[in-house]
Amino acid sequence: MDNVSNVISFVLSGFNETMTFRVPLFSCTFLYYCLILFFNISLVLLIVLDANLHEPMYILLSSSCINALYGTTGFYPKFLSDLLLSSQTISYEGCLLQAFIMYSFASCDLSILAVMAFDRYLAICRPLHYHSFMTKRRLSQLVSFSWLTPLCIFTINVLLTSRIKLCGINIQRVLCLNWVIVKLACPEADTLSNNISAYVIVVFYLSHWLFIIWTYIYLIKTCARSSDDRVKFTQTCVPHLISLIIFLTVMAFDSMYLRFGSRDLPQSLQNFITIEFLIIPPVMNPLIYGFKLTKIRDRILSLIYFKRK
């Protein structure tokens, strides 16, 4: 038991400079969270209730929206409650749970994007084999992979973190992240297993990116030869590509800042950089797919037109 931390709670000191604006910040955050819930829940219900949308691409899109709801629910309710309280603390177990949700949410998002890229590759580059390969059973296996793999990986990751003896309780963020907790370890604490785990995870998800790049190389080559394929690419791959670029930009910027960022930046800017992966993709993705994918856009417009009548 010598390696087990005696810390029972953490102080989220990232709120210090934002508490003077707590009322407008609470109002804006609450409205924004409501938008996240509305956009993602609406898209999920639209896909579930419309039999014409029960295709792999739309099922994967609904899985992405559910993941957005999962990740944002792990942050926004706690953040909003902290804005109303005089002290911003989180229990040790709650901090580990939030760290687990944040990492598994981001990793699951990348896994779903990889599966969506594979789906588009089959649909455009191997159309004759698409329906024979992308069966309901195969689709369920891919969705399960995109969810269960991150959950299993980060369960191990958080369990390794829970073994570390900590010598600090001050988290200079507005949320808990695994790497931030590890940095509070006592000097004599053994964090080798955590470092190895982190590198294994980075390599594993780097392979996702390499796979996505590989699929898009073939997609672009195929679509360059056919006008019909170029139309398919524009209609179905462009939204996915935009989501990929947003995700890559946000996560790369956040990861680099988390590891190497300057502490001289204003606290409010540090907070935004830390949580931007919970701000931008959960709203942008349903909007991009809703406006760009023809079936979803037509279905939304038909519902609006029907209500007006």
Would you check if the distance from the ring center of Tyr58 to the ring center of Tyr289 is below 6.0 Å?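 No; Tyr289 has its ring centre 6.0 Å or more from that of Tyr58.
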Heavy-atom closest pair, residues [X] and [Y]:
X	Y	result
Ala68	Phe105	CA-CE1, 3.8 Å
Leu151	Phe100	O-CE1, 3.4 Å
Asn40	Pro282	ND2-O, 2.9 Å
Gly71	Met102	O-CE, 3.3 Å
Thr222	Ile124	CG2-O, 3.9 Å
Thr89	Lys78	O-NZ, 2.6 Å

For the [atom1] atom of [X] and the [atom2] atom of [Y], what is their distance to the nearest 0.5 Å?
X	Y	atom1	atom2	value
Leu83	Phe21	CG	CZ	13.0 Å
Thr135	Tyr130	OG1	OH	10.5 Å
Tyr199	Asn194	OH	CG	12.0 Å
Glu55	Leu61	CD	CG	12.0 Å
Ile164	Asp190	CD1	CG	8.0 Å
Ile171	Cys176	CD1	SG	4.0 Å

On the 0 to 90° scale, with breaks at 30° and 60°, tag the Phe30-Phe26 ring pair as parallel, tilted or perpendicular.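 Judged by the thresholds at 30° and 60°, the geometry between Phe30 and Phe26 is parallel.
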On the 0 to 90° scale, with breaks at 30° and 60°, tag the Tyr121-Tyr218 ring pair as parallel, tilted or perpendicular.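 The rings of Tyr121 and Tyr218 stand perpendicular, inter-plane angle above 60°.
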By side chain to side chain contact (heavy atoms under 4.5 Å, CB included) - contacts of Phe133 (at least two apart): Phe118, Leu122, Arg138
Step by step, would you call Asn285 with Phe247 a side-chain contact (heavy atoms from CB on, under 4.5 Å)? CA-CA 10 Å; Asn285 287 346; Phe247 181 85; over 6 Å; no
Just do the side-chain contact (heavy atoms from CB on, under 4.5 Å) check on Val283 and Phe39 with the steps written out, would you? CA-CA 7 Å; Val283 164; Phe39 287 144; 4.2 Å; yes
Using atom types as modelled and distance alone, determine if a side-chain donor or acceptor of [X] lies under 3.5 Å from a backbone N or O of [Y].
X	Y	answer
Ser144	Ser140	yes
Ser207	Phe204	yes
Ser104	Ile101	yes
Ser243	Pro239	yes
Ser64	Leu60	no
Gln88	Leu12	no

Heavy-atom check, side chain of Arg22 versus side chain of Phe15, under 4.5 Å: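 No, every pair of side-chain atoms sits at 4.5 Å or beyond.
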When you group the ILVMFWY residues by side-chain heavy-atom contacts below 4.5 Å and let the links chain together, are Val200 and Leu177 in the same group?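 Shared cluster, no.
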Within a reach of under 6.0 Å around NE2 of His131, are more than 12 heavy atoms found that belong to other residues, nucleotides or ligands? no
CZ of Arg126: more than 12 outside heavy atoms within 6.0 angstrom?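 No, not enclosed.
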Would Tyr92 and Ile169 satisfy side-chain contact (heavy atoms from CB on, under 4.5 Å), going step by step from the backbone distance to the final call? CA-CA 9 Å; Tyr92 177 78; Ile169 62 169; over 6 Å; no
Walk me through it: do Leu184 and Phe10 pass the test side-chain contact (heavy atoms from CB on, under 4.5 Å)? CA-CA 10 Å; Leu184 297 175; Phe10 295 97; 3.7 Å; yes
